[in-house]
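For reference, the structure discussed in these notes is given below.
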Amino acid sequence: MPERASLSGIGVCPGVAAGPLLRLAGAPVLPPPVPVGDAGAETVRAYGALAEVVADLERRAARAAEATVAEVLRAEATMADDEELRDAVREHVEAGADAPHAIAAAFGTFRELFAAAGGHLAERVADLDDLRDRSVAVLLGLSMPGLPPPGHPYVLAARDLAPTVTADLDPEQVLALVTEVGGPTGHTAILARALGLPAVVACPGVLEVAEHTLVLVDGATGRVEIGVDEETVAAARLGSASSVGSAGDGAITGPGGTSDGVPVRLLANVGSVRDVPAADRAHAEGIGLFRTELLFLGRTSEPSRGEQVAAYRDVFRAMAGRRVVIRTLDAGADKPLPFLHQDEEPNPALGIRGLRVARSRPGVLTTQLAAIADAAAACGAEVWVMAPMVSTLTEATEFAAAVYEAGLPKAGVMIEVPAAALRAAELLRAVDFLSIGTNDLSQYAFAADRSRGDLADLLDPWQPALLRLIEICGDAGRETGKPVGVCGEAAADPRLAPVLAGLGVSSLSMSPRALPGVRASLARYSYAECRRLAELAVVAPDAASARGLIG
């Protein structure tokens, strides 16, 4: 790598940071195989290592400050505790492999299956590698794979980052993240946004950079400057500190809106009541996306109505006087939940997921809506309910009827499928609001797998075709006088916020850490300026040109 160079990747969490680059420590190396005299005892040894990894992950999840981090760690623990995985380990031991090699081989089999499946499962390959390395480390008596401890702030580089590693990040020490692979919807991106760290993924060449080289990372543009000087590092740190201070303590803390007073409601995405304090500190006007999957993860039986009521009520009470938009279970073949007992699908991203689960398991939705209604009673929050993966007017109409029958006042649908976006006006005659999930809408609009880092340019939220689909929804909202929000990752981009407002979006929901920057960005533009920027962005020739409209 030249002394001074520039690398390019995909920016997935905005912000600029600079400092010495350090690489993540390598995985444990398997020693030569050893003969196995007692297959039963060797199997027990392998199972013990898996159990120790599961226990460690569950402890980490319990300590995690961010609910998003806890959710990801629990999902990884569920994978390590899988019965089919244990069966595969036992079969390899019975075939003559020692415990470390049996575990490596079993994870290798599942790795191939996940990679071939594509979509969400392909995104979990890095999780499998991490679980394999941790299990092998236990068997070999080595330390668990982890972060370098240099004793000073640094930029972390890795091929990819597993949730267990990302969950341990201290934002006071780790200035930014750069990975060689990955995409805008992978765990590195999700957790970086939850922690507020500048991050760039799909950045080839970053692992060739010598350790301790000074680098500058721009998480908005995806640019990584190699071999910068100390003055650049100092300026970046000063700018970052200034930005954090203004975001947290600045004068712009009221309701979101344009410079001339047109409101754009600023909401937070949460997974449980543990996320609410962060939303309060960021002056969120409410919750725009309450994910309910956390309660269902790793369950072999459906959570009872009472369990669901307790979990939902905690959030509703904490948000008394404000809006809470709760999403019904967003699960299915691409986000497998054991209690659903779903068959494998050749193309999970196009299969039984989201609201479609109700086709075969209507009771899951009925119970959840009843629990939401019970929890909402006398809690003081303004509770709205929306369904994921709605494609047709019939689905929207039937969902709205179920919501109203449960005694809930507001029913909405997520716009994640182009067919739904194209019929936004018709949908708004059946429901009360729309919420656009830009991650899936991009995937389906561009036929680009969210897990493929080499297709990430097609998933860029600045793509004019995606903006046109959002505009169709915004126009429908203006015509009907009903709200249209964005709760996908695009909502967290301060530069994109005025464009979305100009497209007719009336609310933006995001990680609490992104709220101050988005609020400040909106306040710089009048509504007329937002409309003009939106008009130009929609007809721009490409995403880069659209992004260039905002200085």
Side-chain angles (χ1 to χ4, degrees), residues 265 267 269 286-293 323-332 334-335 349-359 361-362 364-366 368-369 372-373 376 382-445 466 469-491 500 503-509:
R265 191 181 290 254
L267 311 168
N269 295 344
I287 302 300
L289 172 60
F290 177 7
R291 304 181 182 93
T292 58
E293 289 73 55
R323 180 187 304 172
V324 177
V325 181
I326 184 169
R327 182 177 68 188
T328 57
L329 182 61
D330 187 15
D334 77 323
K335 299 177 185 175
L350 303 181
I352 305 300
R353 51 175 303 199
L355 184 62
R356 298 172 185 177
V357 172
R359 297 182 179 206
R361 298 286 300 274
V364 174
L365 177 62
T366 301
Q368 186 171 31
L369 290 176
I372 293 170
E382 181 188 352
V383 178
W384 296 12
V385 188
M386 65 181 179
M389 282 298 289
V390 170
S391 303
T392 68
L393 179 59
T394 298
E395 289 176 337
T397 302
E398 291 176 351
F399 176 74
V403 170
Y404 302 145
E405 185 176 347
L408 292 156
K410 296 287 186 179
V413 296
M414 291 195 68
I415 302 295
E416 300 166 289
V417 180
L422 293 172
R423 300 205 69 192
E426 288 83 359
L427 294 180
L428 279 175
R429 286 197 279 272
V431 300
D432 302 297
F433 67 97
L434 304 178
S435 185
I436 304 169
T438 51
N439 299 346
D440 269 322
L441 186 57
S442 295
Q443 173 174 240
Y444 295 127
L466 175 66
L469 291 173
I470 295 172
E471 183 181 44
I472 292 171
C473 298
D475 287 345
R478 289 190 186 105
E479 292 168 7
T480 59
K482 294 182 177 181
V484 173
V486 170
C487 65
E489 295 300 337
L500 294 175
L503 294 173
V505 170
S506 56
S507 69
L508 298 169
S509 189

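The structure presented is a predicted model; accordingly, all values stated were derived computationally and were not measured. Hydrogens, waters and symmetry mates are skipped; everything else that's a heavy atom, side chains included, is used.
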Under 3.5 Å, which donor-acceptor pairs link side chains of residues 410-432 to any protein atom two or more places apart or in another chain?
from: Glu416; atom 1: OE1; to: Met389; atom 2: N; distance (Å): 2.6
from: Asp432; atom 1: OD2; to: Tyr404; atom 2: OH; distance (Å): 2.7
from: Asp432; atom 1: OD2; to: Ala411; atom 2: N; distance (Å): 2.8

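- Under the side-chain contact (heavy atoms from CB on, under 4.5 Å) test applied with Val383, the options Ile326, Val325, Ile287 reduce to a single match, Ile326.
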For the pair Phe290 and Arg327, evaluate side-chain contact (heavy atoms from CB on, under 4.5 Å) and give the outcome as yes or no after the intermediate values. CA-CA 6 Å; Phe290 177 7; Arg327 182 177 68 188; over 6 Å; no
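- Residue Ser507 holds its OG atom at 10.5 Å from CG of Leu500, rounded to the nearest 0.5 Å.
- Nearest heavy atom pair, residue Tyr444 against residue Arg353, reads OH-NH1, 2.6 Å.
- Listed for the Glu293 side chain is a donor-acceptor partner under 3.5 Å among the backbone atoms of Asp330.
- Using a 4.5 Å cut-off on side-chain heavy atoms (C-beta onward), Ser509 and Val486 make no contact.
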Would you sort out whether Glu395 and Arg359 count as a salt bridge (charged side-chain N to carboxylate O under 4.0 Å, His left out), showing the intermediate values? CA-CA 10 Å; Glu395 289 176 337; Arg359 297 182 179 206; 3.0 Å; yes
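- Ser506 places a side-chain N or O within 3.5 Å of a backbone atom of Val484 that can act as its donor or acceptor partner.
- Between Asn439 and Gln443 the shortest side-chain heavy-atom distance does not fall below 4.5 Å.
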Criterion side-chain contact (heavy atoms from CB on, under 4.5 Å) on Leu267 and Leu508, from CA distance to verdict: CA-CA 6 Å; Leu267 311 168; Leu508 298 169; over 6 Å; no
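- The shortest distance between side-chain heavy atoms of Ser435 and Trp384 does not fall below 4.5 Å.
- Residue Leu365 comes nearest to Phe399 through the heavy atom pair CD1-CE1, 4.1 Å, listed as atom of the first residue, atom of the second, then distance.
- The CD1 atom of Ile472 lies 10.0 Å from the CD1 atom of Ile436; values are rounded to the nearest 0.5 Å.
- Across all non-hydrogen atoms, the minimal contact from Thr328 to Leu369 is CG2-CD2, 4.0 Å.
- Judged by distance alone, with hydrogens and angles left aside, the side-chain atoms of Gln368 form a donor-acceptor pair with the main-chain N or O of Leu329 at under 3.5 Å.
- Between the Arg356 side chain and the Gly351 main chain, a donor and an acceptor come within less than 3.5 Å of each other.
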What's the verdict on side-chain contact (heavy atoms from CB on, under 4.5 Å) for Leu289 and Met386, showing C-alpha distance, side-chain angles and the deciding distance? CA-CA 9 Å; Leu289 172 60; Met386 65 181 179; 3.6 Å; yes
